[in-house]
Amino acid sequence: MKLGHALTLLAVGCLLAACQTPTQHTPVPKPSNIILILVDDLGWQDTGVAFTPEPTSFQARYRTPNLERLAAVGLRYSNAYATGSVCTPTRAGLLSGEQPARTHITDWTLHTDRDFSRKMPDLADPDWCKTGLAPGPLLLPELLRKQGYRTIFIGKAHFAAIGTPGADPRNLGFDVNIAGHAAGAPGSYYGTDNFGNGADNPWAVPGLEKYHGQDIFLTEALTLEMERELEVAAADGRPFFLDFSHYAVHTPIQADERFAPAYREAGLDNKEAAYASLIEGVDHSIGRMLTKLEELDLAENTLIVFTSDNGGYSVGARGQTPSGTGAGTHNAPLRSGKSSGYEGGIRVPFVVGYADDAIRGVTSDRLHSPGQLLDTPITTNDLYYTFIAFGHQYHSPPSIPYREGVNLSKHWRLGLDIPPRVLAWNYPHKWGPKGDRYEPFTALRDGDWKIIYWYESAEWELFHLAEDLGERNNLMATEVEKAAQMQDALREWMRLNNAQRPLDRASGQMLPIP
Ligand code: CA
């Protein structure tokens with residue numbers, strides 16, 4: 001039964017139940033399976049799916065026919081954001097529903113006693129939560145497991161530091177963990193390198209020993225594991241939650257030779273051809289997933305969400321600027337990239353859909369047309385309440401203490417508006433690589449307006465994103481009233497979330513709320 005029909009039956013069943021005896025049968029739909037495809041460091045325009053009314057130049061570079069197929073029957077969000085500007089804050093936020101500013105998991109984790117942030121002359125990092133995400137009963141996979149879900153993790157975890165319980169997804173509510181651990185990058189994408197295993201290497205990908213020595217790319221090994229896990233889940237019969245978090249397209253930018261030659265022939269240099277091949281490898285995996293879901297008769301009842309954990313990487317291993325384009329960043333027309341408070345650091349692709357044309361299950365009353373581009377600002381933390389809602393078949397989930405985010409399923413299924421709200425980001429660190437304002441910041445978006453406070457220069461910037469997506473025209477001096485209102489909103493958000501600021505190096509004291 002297609003989910004759309006099932007929902008209609010449920011609605012009819014509820015109406016009948018109100019006026020008939022309780023002994024009559026009310027059809028109950030099977031809970032939806034839930035798949036999250038989280039790509040690492042994938043930029044807003046790094047696929048062929050457009051998140052703007054008109055495609056941008058970078059989108060023509062990448063071949064992603066399978067994601068485009070999913071987007072054509074699903075929904076796209078043009079103003080989707082990662083909760084953090086680097087990996088761990090977003091990932092921990094997604095599982096906990098908690099805002100990184102509040103948990104103080106504000107930077108990427110690896111060691112419990114030190115981090116990799118860049119030293120600043122006058123400022124220092126606050127005492128942030130270097131251990132990362134801790135186990136707890138309110139984590140998303142725990143709540144879904146309690147609802148009878150089989151919970152599967154595949155790929156890059158990067159939830160918590162080496163030696164802590166949270167480093168293993170099985171301690172966070174996942175029944176199965178394949179290849180996830182503390183580190184946030186693969187030692188190598190190549191099976192011939194044993195994915196970095198051999199030497200004492202914290203980046204060595206665990207759990208894929210059967211592929212060691214083979215001529216196989218990491219994305220393909222994970223895809224084979226995904227296919228097998230879907231078969232196991234189908235045989236198991238329970239609904240499942242699959243968090244498929246690709247190591248791709250994070251550094252090292254290594255070529256997937258199944259796909260790289262075509263990009264070289266198209267004129268991309270080796271580095272950019274390798275990057276494009278990482279993306280196409282993920283897309284190929286999506287195609288295999290859709291085929292497998294159909295084979296297993298799971299396609300009609302499986303929600304798929306595709307997004308990234310932070311803005312596109314545009315520095316270091318990719319070079320500071322994209323070759324041959326004249327653009328200042330690989331994320332143009334967005335400004336800057338991963339780690340920055342500008343849009344390039346936080347805006348991400350976001351596609352939601354059912355695997356077949358039953359997106360009308362999500363949009364059961366044709367509230368949205370297939371392939372529609374929505375402009376409501378959303379954040380990856382919204383997936384916490386959204387997935388819980390699907391797990392509870394849209395009925396009210398259990399009482400949960402305050403979490404950031406809203407239940408998007410109400411928006412998809414019932415057309416209810418997402419209430420106006422501010423979205424904000426707090427990153428009191430200076431990321432390792434150098435780039436365009438890779439600096440400590442707090443930023444807040446309200447409607448089309450966005451304000452950023454930069455701690456190193458003690459400077460405010462105010463932008464109107466609808467008119468200035470590239471964030472070049474600072475309106476602090478000309479939009480005085482709006483600027484004051486946005487400053488107040490940012491200060492209030494910081495107080496409510498107990499957001500940390502960098503320390504003044506001379507005094508050792510935390511800087512005041514700006
Ligand atoms: Ca990342």
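All figures in this text were calculated on a predicted structure; none of them were measured in a lab. Whatever order the structure lists ligands and atoms in, that order sets their numbers, starting from 1.
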Notebook entry, point to check: Within 45° of the axis and under 6.0 Å from the centre of the six-membered ring of F259, does NZ or CZ of R63 qualify?
Noted result: no

- Query: Does the distance from a Lys or Arg side-chain N to an Asp or Glu carboxylate O, for R347 and E343, drop under 4.0 Å?
  - Reply: yes

query: Is C87 close enough that one of its N/O/S atoms sits under 3.0 Å from the Ca ion (ligand 1)?
result: yes

Of all the N, O or S atoms in D40, the one nearest to the Ca ion (ligand 1) is OD1

- Just checking, any donor-acceptor pair under 3.5 angstrom between side chains of T379 and T83? yes

Would a line drawn from the ring center of Y427 to the ring center of W128 be shorter than 6.0 Å?
no

The OD1(N310)-the Ca ion (ligand 1)-OD1(D41) angle, to 10°, is 90°

